[in-house]
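Take a look at the structure set out below.
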Amino acid sequence: MTAALPPGQHPIHDFPRWGLPQFVRQRPALPPHPRLWLGGAVTHPQEVGLEQGLETVTRREQVSDLHCVTTWTRCGLHWSGWRLRDVYEQIVVPRARPRGEVRFLVFRGFDGYRTWLPLEDALAPDVLLADRLDGRPLSRAHGAPLRIVAPAHYGYKSTKHLCAVECWDDPLDPPTQDWREHPRARVALEERGEVLPGWMYRTVYRAFLPLMLRAYRRTPRRTTGA
Ligand SMILES: Nc1nc2c(c(=O)[nH]1)N[C@H]1C(S)=C(S)[C@@H](COP(=O)(O)O)O[C@H]1N2
Ligand SMILES: [Mo]
């Protein structure tokens, strides 16, 4: 199957909890009744409850791969949730009402993580707000209670513990760019980062991979708070 993977990726057979080095020890306390904030450049910023708020949107099932920028790929994950496009068109636009042109969506997590995608990438049919993985509610390790799944983009665009979706016409307003991040991060084009060619990041990330994998595997997945 390796031949079918995008450039520079190799398969792994377990599915580690994973993230940026500064998030290894972050174990966010999740609120008992998590809500999703819809904000940014909108006239009616508001929160929606996850259970009641999203139940009018059609639930989707999807099998997709997760490609981490550090070169590992976990194939065949079975997600369940809602298409971000459906949520955007049926809830965000009519209720929160964007003020002007929306060109980017910013995603924030309860652990302080944030990233963003251009609107056209975020509204691709395979981008989900997922609350279930392999038939079970999302574990804390993999992003409870809700996460983004964006299979065509490196894993760092798939924000876990999602607490906010914001509409902006400029991604630098507010400044969201992490220096490692590529604005689009398309896996097929090996857009690992913005400054260097993809294969260069590949070499560096590969060198640190064993160390990072060990750190993430060692960190207990349980926490207090929910
Ligand atoms: N909130 C949050 N989301 C996050 C991260 C994180 O550290 N915090 N790490 C990202 C990275 S780099 C990857 S590869 C995937 C890993 O998802 P997993 O932990 O379910 O394997 O989550 C992404 N989403
Ligand atoms: Mo990643």
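Since we're looking at a predicted model, the values are computed, not measured. Counting starts at 1 for both ligands and their atoms, in listed order.
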remark   = Per-atom filter on ligand 1: closer than 4.0 angstrom to a heavy atom of T159 are 3 (N), 24 (N)
pair Y88-C167: side-chain heavy atoms closer than 4.5 Å = yes
request  = Decide yes or no on salt bridge (charged side-chain N to carboxylate O under 4.0 Å, His left out) for D121 and K157, but give the supporting numbers first.
outcome  = CA-CA 11 Å; D121 290 347; K157 296 290 187 183; over 6 Å; no
inquiry  = Using heavy-atom distances only, which candidate in D14, D111, I12 approaches atom 1 (N) of ligand 1 most closely?
reply    = D111
Atom indices of ligand 1 within 4.0 angstrom of C68 heavy atoms, with elements = 14 (S)
inquiry  = Tell me the contacting part of Y154 for ligand 1: side chain, backbone, both, or neither, using a 4.0 Å heavy-atom threshold, strictly below.
reply    = neither
inquiry  = Could you report the tightest heavy-atom contact between R95 and H44, atom names first, then the distance?
reply    = O-CB, 3.3 Å
key: Ring-face cation of R59 near W82 (centre distance under 6.0 Å, axis angle within 45°)   = yes
ask   = Hey, which atoms in ligand 1 end up nearer than 4.0 Å to a heavy atom of A141?
value = 19 (O)
query = Can T115 and E181 be counted as having a side-chain donor-acceptor contact under 3.5 angstrom?
reply = yes
Close-contact set for ligand 1 against H142 heavy atoms, below 4.0 Å = 18 (P), 19 (O), 20 (O), 21 (O)
request  = May I ask you to decide if the ring planes of W72 and F15 are parallel, tilted or perpendicular, using 30° and 60° as cut-offs?
outcome  = perpendicular
request  = Report the part of R147 (side chain from C-beta onward, or backbone N, CA, C, O) that has a heavy atom under 4.0 Å from ligand 1; answer both or neither where that applies.
outcome  = side chain
query = At a 4.0 Å cut-off, with the gap strictly under it, does some heavy atom of G143 reach an atom of ligand 1?
reply = no
query = Quick one: CD on E61 to CG on L128, what's the gap to the nearest 0.5 Å?
reply = 9.5 Å
note = Min over G155, S158, G112, A150 of heavy-atom distance to atom 13 (C) of ligand 1 lands on G155
